[in-house]
Amino acid sequence: MEVVILAAGKGTRMNSSQPKVLHSIGGKAMLSHVLATARELDPAAIHVVIGYGAEAIQAHYPNSGINWVLQEQQLGTGHAVQQTIPHIDQDQDDNIVLVLFGDVPLISPATLQSLLNETGQENVSVLSVISTAPEGFGRIVRDDSAAVQSIVEHKDASAGQRLINEVNTGIMAIPAARLGDWLQRIGNSNKQQEYYLTDIIALAVADGLEVKAIQADNELEVMGVNDKAQLALLERHYQMQQTKQLLEAGVTLRDPARVDIRGELLCGQDVEIDINVIFEGKVKLGNGVSIGANCVISNTSIGDESVILPGCHIDETEIGCAASIGPVARLRPGTKLADGVKIGNFVETKKAVIGPGSKANHLAYIGDADIGSACNIGAGTIFCNYDGANKHKTVLGDNVFVGSNSVLIAPVNLADNSFVAAGSAINTDVAADSLAVARAKQRNIPGWKRPVKGQG
Ligand code: UD1
Ligand code: CA
């Protein structure tokens, strides 16, 4: 079996400069969904027909093993498939060509497998669906004994044919040995002056082959995307499929309609997720993890029993067990938090490795830092990691206390049990068990007269 994916069309109604098949569902290009599904069927080759935005599409899939086939002018679906014929093995008697559309993203491997199971050398199989809104689609024309005779495009259909509500999804399985011949025989004398792939159906019937129309049972699974409204509809459907699986696996979702999974989310037991949470890329949540409202979490793992309070933004971070993050914390790439770490409100971390039980409870920037266990980073502490040209590192041993509103000017080391007085600017290493005070000495001026308004 070889797969042909049609993706050359412009998608005019998307009103976008981006090729249609690169628009995403669940954070992944529509074409990527179709490719992933195709690969599950283990085809001998995958040919993707591209035209509009060909370079952008190819650039999206480096080293993918895809056979790209250029269709310079989009003269119809039949013409598109014809471009792949020189690349398809037609000598192998039992080779089947499975035609998919790059803009039908939610088709499942199971549905395609059932279509392939019905396809042999002596028949063509078409995936159809009973449509609640058949307008615009090709109709499946059957004879009195319900045998498929042809597919007629909406624009070419008679008034009687337009009453048919069984429509062509576009997905077909065709014996490779016959396909090239049929494609050579189709013409373009129709309303759209296009070479219709659907015209091979009548040719197959005329050649004495049986055509089976296998009905899909879910209209959304086989729905194509032509505009942003359909993209949004399928996005929601896809998200509801994902949240359904999570609910079945025992995850508590306060509202499944208000969680978006744009990638892969793995959850342990007794995970709770509040509303308006977005997961991107690969996210792993351990047992008993709780995610508060309004968080965006990307490519991150969170250990058992950790709590993420509302409003956090977490990217490329590893969080240990029983940690507490937020509310409103920002953990940037390269943050690694050990068990029991507390990161409070308005704290930003970047490339910060923080040891067990250490805390930064309020208002801090911790960048390029290596912090031991049981440290306390006071409110308003800034790790000055950047000198305007280069980044430098700050290292804290265990049990270090940094008083509020201090700046630690990297590179600098604060050894075990050292203590920084509040308001210090530290640019020299502090030895173990020492107190560092680095601030102007306070003077008190008795009887000082305050400035008076208007007397400058
Ligand atoms: C097609 C079917 C129609 C079916 C409908 C389902 C034909 C003639 N019609 O119609 O029976 O009900 O899909 O959505 O097949 N493409 C190319 N090159 C081209 C033309 C199209 O690669 O020259 C690609 C498009 O990018 C798209 C797919 O083929 O992914 C379908 O093309 P589209 O123009 O949307 O076909 P429809 O008119 O919707
Ligand atoms: Ca279409």
Taking atom types as modelled and ignoring hydrogens, do the side chains of E316 and T300 form a donor-acceptor contact shorter than 3.5 angstrom?
no
Taking atom NZ of K155 as the centre, report whether more than 12 heavy atoms of other residues, nucleotides or ligands fall under 6.0 Å from it.
no
Is the number of heavy atoms from other residues, nucleotides or ligands under 6.0 Å of Q269 CD greater than 12?
no
Correct closest heavy-atom pair for S128 and E166 would be OG-OE2, 2.6 Å
With a cut-off of 3.5 Å and sequence neighbours excluded, list every side-chain donor-acceptor pair involving residues 254-263.
residue : atom : partner : partner atom : Å
R254    : NH2  : E272    : OE1          : 2.8
D255    : OD1  : A257    : N            : 2.9
D255    : OD2  : R258    : NE           : 2.8
D255    : OD2  : R258    : NH2          : 3.3
D260    : OD1  : R236    : NH2          : 2.7
D260    : OD2  : R262    : NE           : 3.4
D260    : OD2  : R262    : NH2          : 2.9

Output a table of donor-acceptor pairs, distance under 3.5 Å, between side-chain atoms of residues 431-441 and any protein atom two or more places apart or on a different chain; print 'none' if there are none.
residue : atom : partner : partner atom : Å
D433    : OD1  : N417    : ND2          : 3.2
S434    : OG   : A431    : O            : 2.9
S434    : OG   : A432    : O            : 3.1
R439    : NH1  : A422    : O            : 2.4

Please list, one pair per line, the donor and acceptor atoms closer than 3.5 Å that link side chains of residues 444-451 to other protein atoms, with sequence neighbours excluded.
residue : atom : partner : partner atom : Å
N444    : OD1  : Q442    : NE2          : 3.1

Can you tell which of L408, T394, I371, N385 makes a side-chain contact (heavy atoms from CB on, under 4.5 Å) with I366?
I371
Contacts table for residues 303-315: side-chain donor-acceptor under 3.5 angstrom, sequence neighbours left out:
residue : atom : partner : partner atom : Å
D304    : OD1  : N287    : N            : 2.8
S306    : OG   : G303    : O            : 3.4
S306    : OG   : G320    : O            : 2.8
S306    : OG   : A322    : N            : 3.1
S306    : OG   : A323    : N            : 2.8

With ring pair (Phe, Tyr, Trp, His ring centres under 6.0 Å) as the rule and sequence neighbours excluded, what pairs involving residues 378-417 come up?
F401-F419
Not counting sequence neighbours, which residues clear side chain to side chain contact (heavy atoms under 4.5 Å, CB included) with Y195? List them please.
L75, H79, I186, N188
Would you indicate whether the side-chain heavy atoms of L112 and I171 approach each other to under 4.5 Å?
yes
By side-chain hydrogen bond (donor to acceptor under 3.5 Å, both in side chains), S404 pairs with (sequence neighbours left out) none
Test: E153 and K191 ion pair at under 4.0 Å:
no
Exercise answer: donor-acceptor pairs, residues 349-359 side-chain atoms, under 3.5 Å, sequence neighbours excluded:
residue : atom : partner : partner atom : Å
T349    : OG1  : T335    : OG1          : 2.8
K350    : NZ   : D368    : OD2          : 3.0
S358    : OG   : G372    : O            : 2.8
S358    : OG   : A374    : N            : 3.1
S358    : OG   : C375    : N            : 2.8

Can you name the residues that form a side chain to side chain contact (heavy atoms under 4.5 Å, CB included) with T77, not counting sequence neighbours?
L6, F101, L197
Name the atoms and distances for all side-chain donor-acceptor pairs under 3.5 Å in residues 37-49, with sequence neighbours left out.
residue : atom : partner : partner atom : Å
T37     : OG1  : H33     : O            : 3.0
T37     : OG1  : I107    : O            : 3.4
R39     : NH2  : S64     : O            : 3.2
H47     : ND1  : N67     : ND2          : 2.8
H47     : NE2  : E2      : OE1          : 2.7

Applying side chain to side chain contact (heavy atoms under 4.5 Å, CB included), can you list everything that pairs with C267, at least two apart in sequence or on another chain?
L246, V251, L265, V271, L285
Listed by chain and number, what are the side-chain hydrogen bond (donor to acceptor under 3.5 Å, both in side chains) partners of T111, not counting sequence neighbours?
S108, E221
